[in-house]
Amino acid sequence: MDLEDDTTVLTTLKSFNSFISRSDQPQRPSDQSTGTGHLQSQYKRSMELLEAADRVKSKNRYLQLDQEKKQMELSHKRARFELEKAASESARGLAHEVDRNQELLQRIKKLEERETEAAKNLAEQVEANRTLRKNMGGLNKKLEERDSALNTANQNISSLKDEIRELKQKIQSKDSAISAQTLENQELQEQLDLQRRKYQEVSQLCQSLQSMQSSCSEHVIKIKELETRLALQEQDIAIVKTVKSEVAKVPDLEKELKRLRDDNAFLRENRENCSLLKEEVEGLRKKLERMEKTKEELVNMELEKERLAEKLQGWENLGQYTGLNIRKPEDLSREVIQIQQREIALKEQNYTLNSRVRSVERSQSELRTEVSQQRSKTLEEQKKREAQDALVRRLQKRVLLLTKERDGMRAILESYDSELAPTEYSPQLSKRLREAEDILQKTQNHNAEMEAQLTKAQEETGSLKLQLQKVELEIEALKKQQASAADSSSLATKEEVSLLRQKIEDLEAERQRLEEQNNVLEMRLERHNLQGDFDPLKTRVLHLKMNPTSVAKQERQQEVDALREEVTNLRELMRSLQDGGGLVSSQDDSSLHRSSLGLSLPPSKEVLDLRKQMESSELRNQRLKEVFQKKIQEFRTVCYVLTGYQMDITTENQYRLTSVYAEHMDDSLLFKKGSNGSMQLMETEFSKTLGEMVALHLHHQKSIPAFLSAVTLDLFSRQTTI
Amino acid sequence: MSSTLKGITLKGSAELVAEFFSFGINSILYQRGIYPPETFTRVTHYDMSLQLTTDPKLKNYLTNVVSQLKEWLFECTVQKLVLVITCLETNEVLERWQFDIECDKSAKESSAPREKSIKTIQDEIRSVIRQITATVTFLPLLEVPCAFDLLVYTDKDLVVPEKWEESGPQIINQSEEVRLRSFTTSIHKVNSMVAYKRTDSV
């Protein structure tokens, strides 16, 4: 762009130079045509000088412009450097500046064009000079004019320079503005960055908010879950509470258990006592039985007595029939004595029998022992016999052996006898034989002895057996006897035993029942104890006289009393006030009030003030009323005098007008006020006579005052004519 | 608390039990709202925070009762202490807090201290007071203005002191009873329970 600028400047310069050289060329022929002359030469010289001066001036101008341009370029470059520094950021600004530069260049071009125009003017002036040269006289003037024109041109140039300076200043100011703008731009960019960062932060916050919202919803769900859990837990807690209360009951139960155990021990002792009691009961029962027996006897006796009475009757009857001696009680007593004797005898018999039974029992026991002894004896005998049997068997065996031996020996002896000569060993043999025979004899004797012994023993055992049988028989007999004797008594005892057993069972059952009852009662007692019951014999319940409950009750009572009193007072006051309100205007109000005051609390200051105010306001009202009445009266009379009509209000919204000139007292006009405020004439006896005026003034003219005036005039004229 | 940490004497036991009653009554009054909660102050005792009244009248009354009770405890003539809560409008008994006291009268003769440490006793007392606090969950709400009274069940042969008088047992008509924990100083055994008026809804 700089190059372009340069080229434009250069081109203008060239054109300028060419223009100047062109202006020179046509002058030369004119110079030649005008010929030579001093004036001409002088003119030429002066022209040349002028031209030279012009050229110098233009050159100077050009140099100045050039310098200015250079300066501009320098400044431009400076600006460029500055711009280049901020090139990346302020490209747009730069472009703008370039545009401005272009504009400035265009302005410069315009100025140059103006310069060229000025140069044209100059050429024209030169031509004019040529014409002036032709007109020799006015040449100097023209020259001066030209000078002046030149001066003006110079002035123009200086003004242009000023303009250029201004433009420079403008450029500088623009530069500063640009720098300011760049600074602003930077600031804005920083702000933008800040805003972006903020935006990012905000977006992050938004995201976090969304996440928080989602977490919040999750939390809400969780809360709901927890709430449900809480409800469950509350239920659980309720269960736990019940369990706790149950658990709390456990120690009570344990305590109860302990107590029951103690009770059990106690009851065991009781049972022992019970057995003792049973024994006692038994004793008593025995007594009872005895008593019963005596009772029975008594009954029997009574029966007997009856019988006897009958007998007596019989006897008496007999006596009556026969008149014999069996009539007295002595006979009876005799008989009774006889009977008693008999009874005694029987009793004795019984006793003897009993004693016999006892003796039999005793003998039985003795016999039993005897039997046992006998048994043992028999056993011994049996053993002996067995031993004897065994001995016999052994002996028999031995006998057999001995007989066999003897037979053997005999055989041997016989063989010896047969074989040997009887003489050889005869003494020896016979001796041996004899010896053997002796032994045999002895053994046989012994055998016989043993057999005898055996038989003896057998006999003995037999006798013992007999004895035993006898004894057994005896025992059996005794047993039978005993059984028969004991049968009756055993039956009785069995019955007794069963009875006693039953009684024991009954007692046991009763005991159990009582135990249960005892338990129930104890439980009830425990419950009562829990509820705060107590044994008035052992315990006394105390509390402080001034306890909070009684204090509170007292306070409450006092409060209630006070309130009640207040209520009655207030009620009284209200009643009195109501009465007083009815009689407010009457004079005895104050006395009544005083009486009520005596009953009730003194009225407050406020009430008094209010009463005073009321009185004053009532007084004022009264006065106002009086004044109003006076004024109204005045007004009415004035109205009557001035208008000639007396106005009365008959009923609401109806007004009666009576003229001052009325012929009769009843002659009056009646007006009614309509709903819209308009007045309407009502028909009366008098108004019927005024048909014309009504038609004219009311229907036609629609004016009530005119009508009234007409009526007044009419009546007045009538009166005056009369 | 004159006794050492090792054992406990009758006097110490009486003092411990009286102290328990003082705290127990205070916490019942606080829990049941017989007195406004702002008239209570928080103290720490038995290793737990308890409420004590600041109402001067109530304080005076309680110290009177508790000191008398201590005497009776020392004499082993007291059988029960009952806190009765009465409705002021209807004079109906709504709650009875009953503390049965079993005295070991043999301790009066032998002055030898029993072997039970104060710490274990206080642990037991603490659990009783905890339970008293927990009873609020199942006791019916006291919706009407109420007042309380302390009844002491004593032996019949006791001379009634001045300021005291005989009273009725103040039994609740149709009551539900709940037994609470008990504690023992090995001389005095205190069984606690609460009876309350059965509500119609149940």
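Every chain is numbered from 1 and lettered A, B, ... according to where its sequence line falls, protein lines coming before strand lines. Treat the numbers as computed from the prediction; the structure is a model and nothing was measured.
- Here the closest non-hydrogen pair linking A:T539 and B:Q79 is OG1-OE1, 2.7 Å.
- By the 4.5 Å heavy-atom criterion applied to side chains, B:L150 and A:H543 are not counted as neighbours.
- Both the backbone and the side chain of B:E165 come within less than 4.5 Å of a heavy atom in chain A.
- Salt-bridge formation is detected for the pair B:R179/A:E526: a Lys NZ or Arg NE/NH1/NH2 atom is positioned less than 4.0 Å from an Asp or Glu carboxylate oxygen.
- Here the side chains of A:P548 and B:Y35 are in contact, with some heavy-atom distance below 4.5 Å.
- More than 12 non-hydrogen atoms from other residues, nucleotides or ligands lie less than 6.0 angstrom from NZ of B:K156.
- One distance of note links NZ of A:K241 with OG1 of B:T135; it measures 11.0 Å at 0.5 Å rounding.
- Heavy atoms of B:R96 lying under 4.5 Å from chain A belong exclusively to its side chain.
- With a 4.5 Å cut-off on non-hydrogen atoms, B:S175 touches chain A through its backbone and its side chain both.
- Under a cut-off of 6.0 angstrom, the local environment of CZ in A:R259 is crowded, with over 12 non-hydrogen atoms contributed by other residues, nucleotides or ligands.
- With chain A as the partner, the residue from B:P169, B:G168, B:A195 showing the most heavy-atom pairs under 4.5 Å is B:P169.
- Of the atoms belonging to A:Q557, not a single heavy atom falls under 4.5 Å from chain B.
- Within 6.0 Å of CZ on A:R524 lie no more than 12 heavy atoms contributed by other residues, nucleotides or ligands.
- Of all the heavy atoms in B:L88 and A:R556, the pair that sits closest is O-NE, 3.6 Å.
- Residue B:V82: no heavy atom, backbone or side chain, is found under 4.5 Å from chain A.
- Contacts with chain A were tallied for B:D157, B:N91, B:N191, B:T77; B:N91 has the most, counting heavy-atom pairs under 4.5 Å.
- Between the A:T549 side chain and the B:F148 main chain, a donor and an acceptor come within less than 3.5 Å of each other.
- A donor-acceptor contact shorter than 3.5 Å links the side chain of A:R540 to the backbone of B:L158.
- With contacts defined as side-chain heavy-atom distances shorter than 4.5 Å, the pair A:V541/B:E166 does not qualify.
- Taken from OG1 in B:T137 to CD in A:E234, the straight-line distance is 11.5 Å, to the nearest 0.5 Å.
- Heavy-atom neighbours of B:K57 NZ from other residues, nucleotides or ligands within 6.0 Å: at or below the threshold of 12.
- More than 12 heavy atoms of other shown residues, nucleotides or ligands fall within 6.0 angstrom of atom CZ in B:R126.
- Residue B:W97 does not touch chain A at all, counting heavy-atom pairs closer than 4.5 Å.
- For chain A, no part of B:S182 is nearby; none of its heavy atoms comes within less than 4.5 Å.
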